Amino acid sequence: MPDFATLDKLLRQDGAFSRRLLLSYGASLAAIPLLGQRAFGQSEKTPKDYPFTLGVASGDPDHRGVVLWTRLAPRPLEDGGGMPSRPVEVSWEVADDEAFRSLVDSGKVLATPQLGHSVHVELESLAPDRWYYYRFRSGDATSPVGRTRTLPRPDASPDKLRFAFASCQNFEQGYFSAYDDMAEQEVDLVFHLGDYIYEYEAGRNGKVRTHQGKEIESLDQYRARYAQYKSDPSLQKMHAACPWFVTWDDHEFDNNYANLISEEKGIPAAHFLARRANAYQAYYENMPLRKRSLPQGAHLQLFRKASFGRLAEFNVLDTRQYRSDQPNRDRKSPLNEEAFRPRNTLLGERQFDWLTASLNSSQATWNVLAQQVMMGMVGFTKDDGQLYSMDQWPGYLAERERLLRYIAERRVPNAVVLTGDIHANWANELRFDDRKSEQAVVASEFVCTSISSGGNGVEVPSDTEELFGSNPCLKFYNRERGYTLCSLTPESWISDYRVVSDVLQPGGATSSRAKFALEAGSSLIHRA
């Protein structure tokens with residue numbers, strides 16, 4: 001793998017994120033999938049310490065299968081997780097019942113040090129629309145039991161779906177108690193919309209719990225940070241309860257980065273790119289992702305879609321990896337010429353074209369965009385007028401309008417945007433220009449608050465009246481912590497904003513703060 005000096009030279013010669021640099025930096029990872037196919041006799045015996053300290057998870061289901069995940073780490077906060085620098089054999093089982101009396105599939109795989117001794121088992125021959133149980137074994141150790149499911153066939157007509165979505169879980173700023181409540185809701189799916197970890201140094205963000213070490217940059221540091229987060233029992237419980245679809249925002253790598261542009265000035269290009277490759281590899285290692293998402297150096301394919309029969313189609317987006325730099329130096333600004341520049345993009349051309357093609361071909365009742373940053377044009381009143389976040393869709397207004405016009409002109413039914421990032425609950429009705437209440441509503445947006453980031457919030461923020469008075473798109477605003485629970489039928493959608501009483505200590509109680517509904521055929525949001 002090239003060193004920093006070589007990478008910097010390539011960058012200077014080739015400009016931005018060239019194909020040449022991508023292939024050069026990603027070459028060392030290209031053969032990693034083959035490592036799991038070696039003869040099992042080459043593996044080393046499992047360490048004496050219990051290796052399944054990070055639990056189990058499943059994700060990216062379709063109607064034929066799902067990804068099963070675990071990572072061996074008997075001493076998870078150490079470099080290498082306490083594992084030997086050799087492959088280790090892991091067996092897995094899938095059953096119809098929790099007691100594993102009726103096995104439906106099983107096999108063996110090697111957990112390799114090149115991928116942090118993580119395991120990604122892709123199942124492809126399960127029955128559609130079914131629940132299953134799974135577990136792993138390594139040596140004499142058996143993992144916790146996980147529960148997962150397949151999706152209905154694409155041409156099926158399910159009568160209901162229940163899922164949750166969440167984001168922003170800062171380990172230092174609070175406990176993940178919302179997941180305890182989520183685990184009791186019997187959801188089919190979870191969507192995590194980013195900021196699964198925070199990269200900050202120990203103590204920077206709070207004192208409820210403390211990160212290990214400085215701001216993370218090396219692969220071992222990112223691995224240890226994920227291990228620290230995954231040690232949380234509430235998070236482990238929810239990962240074992242059902243399959244997840246995950247996407248990232250910025251803190252999985254570095255705050256407010258934009259493609260190859262750092263938030264900080266003076267960062268050497270080679271250093272930035274190498275750190276991004278470390279972050280992306282650690283993300284893959286610690287998430288239940290398919291092999292198609294195996295990172296190639298500093299690139300990882302994350303945008304994808306899934307269909308819950310004809311009831312709902314989910315487009316999972318990536319608004320970090322391909323975006324152009326935030327306009328107006330990433331400061332809250334008026335909607336000026338910089339914010340309207342046609343070349344500003346959150347999605348990049350390839351992802352935008354993929355998304356519009358997906359929306360155009362969908363036969364689902366509900367068409368969902370699961371993404372990171374708020375699409376609603378919510379302005380905050382200051383002395384010099386209305387100011388908007390340039391890190392969110394208001395900084396990319398030409399692309400925003402282009403997407404919404406596509407939805408309107410192609411008559412994409414029931415477009416619903418799911419959003420995280422902003423540490424607050426919102427419900428927004430989306431127009432071409434949200435400042436113009438006379439325009440037709442094109443889509444709906446539900447924004448979930450943080451799991452813990454920001455510590456305890458407030459039910460009625462001090463700026464509530466002001467925001468509602470100046471933003472016609474706004475239908476709900478709240479700054480407590482929690483997640484959003486969604487219940488879908490062919491006729492209606494209900495979003496239940498569930499909030500936690502206290503995240504500064506374990507055991508905070510979770511309750512419903514507000515429910516909002518959509519009727520199929522209308523993007524108008526009303527109280528349920």
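Atoms considered below: every heavy atom in the structure, side chains included; atoms not considered: hydrogens, waters and symmetry mates. Treat the numbers as computed from the prediction; the structure is a model and nothing was measured. Counting from 1, the numbers follow the sequence of the chain as shown.
Tyr200 and His251 have their aromatic ring centers within a separation under 6.0 angstrom. Residues Tyr477 and Phe468 place their aromatic rings such that the two centres sit no closer than 6.0 Å. Aromatic ring centres of Trp69 and Tyr226 lie farther apart than the 6.0 Å criterion allows. Two rings, from Phe314 and Phe163, have their centers less than 6.0 Å apart. Ring centroid separation for the pair Phe272 and Phe253 comes in under the 6.0 Å cut-off.
With rounding to the nearest 0.5 Å, the separation of CZ in Phe176 from CD in Gln169 is 4.5 Å. Interatomic distance, Glu445 CD to Trp426 CH2, rounded to the nearest 0.5 Å: 10.0 Å. Interatomic distance, Ser358 OG to Glu313 CD, rounded to the nearest 0.5 Å: 4.5 Å. Taking CG from Leu193 and CG from Asp249, the interatomic distance works out to 9.0 Å, rounded to the nearest 0.5 Å. Taking CG of Leu485 as the start and SG of Cys448 as the end, the distance is 12.0 Å to the nearest 0.5 Å. For the atom pair CG (Leu302) and CH2 (Trp248), the distance works out to 5.5 Å, reported to the nearest 0.5 Å.
Side chains of Glu172 and Asn205: no donor on one and acceptor on the other come within 3.5 Å. In the model, Asn336 has no side-chain atom that pairs as donor or acceptor with a side-chain atom of Glu338 under 3.5 Å. Remark: the Tyr396 side chain and the Thr319 side chain contain no N/O donor-acceptor pair separated by less than 3.5 Å. One side chain, Glu285 or Gln281, offers a donor N or O that lies under 3.5 Å from an acceptor on the other. Looking only at atom types and distance, the side chain of Asn256 has a donor-acceptor partner in the side chain of Asp330 under 3.5 Å away. Side chain to side chain, Arg331 and Asn328 fail the donor-acceptor criterion of an N or O pair below 3.5 Å. If you check the side chains of Asp434 and Asn471, you find no donor sitting under 3.5 Å from an acceptor. In this structure, a donor-acceptor pair under 3.5 Å is absent between the side chains of Ser453 and Gln173. In this structure, a donor-acceptor pair under 3.5 Å is absent between the side chains of Glu519 and Ser492. In summary, the side chains of Ser167 and Asp195 do not present any donor paired with an acceptor at a separation below 3.5 Å, with no hydrogens or angles considered.
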- request: Any chance you could lay out the salt bridge (Lys or Arg N to Asp or Glu O under 4.0 Å) test for Arg323 and Asp391, step after step, and finish with the verdict?
  value: CA-CA 10 Å; Arg323 68 158 65 194; Asp391 188 57; 3.0 Å; yes

- prompt: Can you check side chain to side chain contact (heavy atoms under 4.5 Å, CB included) on Leu355 and Leu369, steps first, answer last?
  reply: CA-CA 9 Å; Leu355 173 59; Leu369 281 62; 4.1 Å; yes

Side chain to side chain contact (heavy atoms under 4.5 Å, CB included) evaluation trace for Ser487 with Asp496: CA-CA 8 Å; Ser487 301; Asp496 181 359; over 6 Å; no

- prompt: Stepwise, does the side-chain hydrogen bond (donor to acceptor under 3.5 Å, both in side chains) test hold for Asn286 with Tyr222?
  reply: CA-CA 10 Å; Asn286 286 280; Tyr222 277 103; over 6 Å; no

task: Output, in order, the C-alpha distance, side-chain angles, deciding distance and verdict of ring-ring contact (aromatic ring centres under 6.0 Å, His included) for Phe446 and Trp366.
output: CA-CA 14 Å; Phe446 297 113; Trp366 302 98; 9.4 Å; no

- request: Could you walk me through whether Tyr179 and Tyr483 pass the side chain to side chain contact (heavy atoms under 4.5 Å, CB included) test, one step at a time?
  value: CA-CA 8 Å; Tyr179 287 126; Tyr483 71 98; over 6 Å; no

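With salt bridges taken as basic N to acidic carboxylate O contacts below 4.0 Å, none links Glu199 and Arg275. A salt bridge links Glu459 with Arg513; the closest basic N to acidic carboxylate O contact falls under 4.0 Å. In summary, Arg223 and Asp220 engage in a salt bridge, as defined by a charged side-chain N under 4.0 Å from a carboxylate O. At a threshold of 4.0 Å, the pair Lys475-Glu429 counts as salt-bridged, since one of the basic side-chain nitrogens sits closer than that to a carboxylate oxygen.
In this structure, Asp463 and Phe380 have side chains that are in contact, with non-hydrogen atoms separated by less than 4.5 Å. Leu403 has its side chain within reach of Trp393: a pair of non-hydrogen atoms, C-beta onward, lies under 4.5 Å apart. Side-chain atoms of Thr449 and Glu480, non-hydrogen and from C-beta on, never get closer than 4.5 Å to each other. Put simply, the side chain of Val447 does not reach to within 4.5 Å of the side chain of Asn425, judged on heavy atoms. In this structure the side chain of Leu397 never reaches within 4.5 angstrom of the side chain of Tyr388, judged on heavy atoms. Side-chain contact between Gln392 and Val378: absent, with no pair of heavy atoms (C-beta onward) separated by less than 4.5 Å. A heavy-atom distance below 4.5 Å is found between the side chains of Arg304 and Leu289. Looking only at side-chain heavy atoms (C-beta outward), Arg435 and Gln386 stay at 4.5 Å or farther from each other.
The only member of Trp493, Phe308, Phe191 that meets side-chain contact (heavy atoms from CB on, under 4.5 Å) when paired with Val368 is Trp493. With Asp188 as reference, Arg149 is the one residue of Lys160, Arg149, Arg162 to meet the salt bridge (charged side-chain N to carboxylate O under 4.0 Å, His left out) rule.
Minimum heavy-atom separation, Gln371 to Val417: NE2-CG1, 3.6 Å. Across all their heavy atoms, Thr247 and Tyr283 have their closest contact at C-OH, 3.3 Å. Nearest approach of Ala178 to Thr510, heavy atoms of both residues: CA-OG1, 4.3 Å. Considering every non-hydrogen atom in both Val503 and Asn456, the closest pair reads N-OD1, 2.8 Å.
No donor-acceptor pair closer than 3.5 Å links the side chain of Asp180 to the backbone N or O of Ser234. Remark: side-chain polar atoms of Thr464 are paired, donor with acceptor, to backbone N or O of Pro461 under 3.5 angstrom. Side-chain atoms of Gln326 never come within 3.5 Å of backbone atoms of Gly395 as a donor-acceptor pair (strictly under, hydrogens ignored). The backbone N or O of Tyr198 lies less than 3.5 Å from a partner atom in the side chain of Arg225, making a donor-acceptor pair. Between the side chain of Ser324 and the backbone N or O of Thr345 there is at least one donor-acceptor pair closer than 3.5 Å. Side-chain atoms of Gln372 never come within 3.5 Å of backbone atoms of Gly194 as a donor-acceptor pair (strictly under, hydrogens ignored). Between the side chain of Arg209 and the backbone N or O of Asn170, no donor-acceptor pair lies under 3.5 Å.
Aromatic ring pairs are classed by plane angle as parallel below 30°, tilted from 30° to 60° and perpendicular above 60°; the pair Tyr322 and Phe303 is perpendicular. Using bins of under 30°, 30° to 60° and over 60° for the plane-to-plane angle, the ring pair Phe171/His211 lands in the parallel bin.
At least one test fails for Arg276 against the ring of Tyr257: distance under 6.0 Å to the centre or angle within 45° of the axis. The cationic atom of Arg320 (NZ for Lys, CZ for Arg) does not lie both less than 6.0 Å from the six-membered ring centre of Tyr280 and within 45° of the ring axis.
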